[in-house]
Amino acid sequence: MANVALARVYQQSFESHPYTTLACTNGALNALGDAVAQVTQRFIEEDENSRHPPRYDIPRTLRFFAFGFGMGPLIGRWNFFLERHFPLRPVGGSGKVSLRALARRVGADQLFMAPIGLALFIGSMGVMEGRDAKHIGKRYSDMYKPALIANWQVWPVAQLINFRFMPLPYRVPFQSSCGVFWTLYLSLLNAKEEQLLDRDENLSRTVKGS
C-alpha cells in the first residue's frame, strides 16, 4: 500500500511539475549512490588504514546531488525527444513493439546522450571541486575512456528494459535507481582520481618550495 501511495504522489507531482519532480528524484538518487560509495570506500580503507578511517564527506554527496538535480530535467527532455522521434510502435500507438525501433532508440541513447552525460559529469565535478582547467583536462584524459567503455558494457541492457517496459514518467526514476550502482562506480572512480590529483598537486608544491 505504501508503494502504491508513493507512486500516486509521484505521478501527481510529475503531472503538475514534471521537471522539478525529475530534478529532485534524480538528485536524491544520485546522492544515495554517492552515500553507498562512501560507505563502501570507508570499509575498504578501514582495513588498509585502521588508525585513520576516512570521514564521511558531506560536500561530496552534495555535489552528486547537485549534478543529479541538474541532469534530471535534461534526461527528461531527452526521453521526450526519443519518444517523439524514435517511436516503438507504428503511428497511432497500436500494434507490437518493433525490436528494430527499440534497438535504434537504445543506440541513439548510448551513442549520443551517454558520452555527453559522462562529459558533463567529469567537467561539473571538477568545477564544483574547485579544480582549474589543467586538472579538469587531466581528469578527462584519465577517466573518460574507461568510464565510457564501462557505460557501454552496462547501460544498453538497462536502457532496453527501461524503454521497453517503463511508462514515460517513470523512465528517469528507473534509470536513476539503476544509476545508484553506476553512481557507486563513478563516485569511487572520481574519488580515486581526486586523490591522485591532490597527490600530484602536493608533490608539485613540495618540489617548488624546495
Side-chain angles (χ1 to χ4, degrees), residues 3 6-34 64-125 140 143-187 189-190:
N3 291 336
L6 183 62
R8 187 180 297 116
V9 169
Y10 174 84
Q11 182 69 37
Q12 292 172 349
S13 177
F14 181 85
E15 290 172 356
S16 57
H17 305 287
Y19 295 117
T20 302
T21 302
L22 293 176
C24 293
T25 303
N26 202 50
L29 289 171
N30 235 38
L32 174 62
D34 179 66
F64 272 82
F65 174 84
F67 175 75
F69 187 90
M71 283 296 293
L74 177 62
I75 298 172
R77 291 295 296 268
W78 173 244
N79 281 324
F80 282 125
F81 173 86
L82 291 176
E83 193 73 15
R84 176 178 298 178
H85 295 282
F86 294 86
L88 299 184
R89 292 182 173 86
V91 178
S94 59
K96 294 183 178 179
V97 170
S98 168
L99 294 180
R100 182 177 295 179
L102 179 59
R104 284 199 299 265
R105 184 182 288 190
V106 173
D109 180 72
Q110 290 303 298
L111 293 175
F112 185 76
M113 180 52 71
I116 291 176
L118 185 57
L120 289 173
F121 169 79
I122 295 173
S124 63
M125 284 295 164
Y140 271 111
M143 287 180 60
Y144 188 79
K145 184 177 179 180
L148 186 60
I149 292 173
N151 173 92
W152 285 336
Q153 292 172 337
V154 173
W155 276 105
V157 174
Q159 290 295 67
L160 188 148
I161 296 171
N162 192 18
F163 294 143
R164 173 62 182 86
F165 298 106
M166 299 303 296
L168 184 60
Y170 294 92
R171 285 180 192 160
V172 173
F174 177 85
Q175 185 174 340
S176 301
S177 298
C178 296
V180 168
F181 300 99
W182 178 244
T183 302
L184 168 62
Y185 166 76
L186 287 180
S187 182
L189 186 64
N190 187 68

Distance (rounded to the nearest 0.5 Å) between [X] [atom1] and [Y] [atom2]:
X: Met113; Y: Leu74; atom1: CE; atom2: CG; result: 4.5 Å
X: Asn79; Y: Arg171; atom1: CG; atom2: CZ; result: 6.0 Å
X: Arg104; Y: Leu88; atom1: CZ; atom2: CG; result: 9.5 Å
X: Ser16; Y: Gln11; atom1: OG; atom2: CD; result: 10.0 Å

Exercise. Could you walk me through whether Leu29 and Ser177 pass side chain to side chain contact (heavy atoms under 4.5 Å, CB included), step by step?
Key: CA-CA 7 Å; Leu29 289 171; Ser177 298; 3.9 Å; yes
Exercise. Go through the structure and list residues passing side-chain contact (heavy atoms from CB on, under 4.5 Å) with Phe174, not counting sequence neighbours.
Key: Ile161, Asn162, Met166, Cys178
Do the side chains of [Y] and [X] get nearer than 4.5 Å, heavy atoms only?
X: Pro115; Y: Leu148; result: yes
X: Asp34; Y: Phe65; result: no
X: Asn151; Y: Trp182; result: yes

Taking all non-hydrogen atoms of both residues into account, name the closest pair between [X] and [Y] and its distance.
X: Ala101; Y: Pro87; value: CB-O, 3.4 Å
X: Trp152; Y: Ala114; value: NE1-CB, 4.4 Å
X: Ala150; Y: Tyr185; value: CB-OH, 3.7 Å
X: Pro156; Y: Val106; value: O-CG1, 3.8 Å
X: Phe67; Y: Gly117; value: CZ-O, 3.9 Å

Exercise. Begin with the C-alpha distance, continue with both residues' side-chain angles, and end with the deciding distance and a verdict on side chain to side chain contact (heavy atoms under 4.5 Å, CB included) for Tyr10 and Thr25.
Key: CA-CA 9 Å; Tyr10 174 84; Thr25 303; 3.6 Å; yes
Practice problem: Go through Trp78 and Asp109 one step at a time and tell me if the side-chain hydrogen bond (donor to acceptor under 3.5 Å, both in side chains) criterion holds. | Solution: CA-CA 9 Å; Trp78 173 244; Asp109 180 72; 2.8 Å; yes
Quiz item: For atom CZ of Phe112, is the number of surrounding heavy atoms from other residues, nucleotides or ligands below 6.0 Å larger than 12?
Solution: no
Quiz item: Is a donor on one side and an acceptor on the other found under 3.5 Å between the side chain of Ser13 and the backbone of Thr21?
Solution: no
Practice problem: Please check if the side chain of Tyr144 supplies one atom and the backbone of Ala119 the other of a donor-acceptor pair under 3.5 Å. | Solution: no
Practice problem: Carefully, step by step, assess Leu22 and Ile75 under the rule side chain to side chain contact (heavy atoms under 4.5 Å, CB included). | Solution: CA-CA 9 Å; Leu22 293 176; Ile75 298 172; over 6 Å; no
Quiz item: Can you check whether Tyr170 and Phe14 have ring centres sitting under 6.0 Å from each other?
Solution: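 Ring centres of Phe14 and Tyr170 not closer than 6.0 Å.
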Quiz item: Strictly under 6.0 Å, is that where the ring centroids of Phe64 and Phe121 end up?
Solution: yes
Practice problem: Take Leu168 and Phe80 through the side chain to side chain contact (heavy atoms under 4.5 Å, CB included) test and state the conclusion after the steps. | Solution: CA-CA 8 Å; Leu168 184 60; Phe80 282 125; 3.1 Å; yes
Quiz item: Pick one: which of Gln159, Glu83, His85, Gln110 meets side-chain hydrogen bond (donor to acceptor under 3.5 Å, both in side chains) with Arg105?
Solution: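 Among the candidates, only Glu83 passes.
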Practice problem: Kindly indicate, with the supporting measurements, whether the criterion side-chain hydrogen bond (donor to acceptor under 3.5 Å, both in side chains) is fulfilled by Asn26 and Gln175. | Solution: CA-CA 9 Å; Asn26 202 50; Gln175 185 174 340; over 6 Å; no
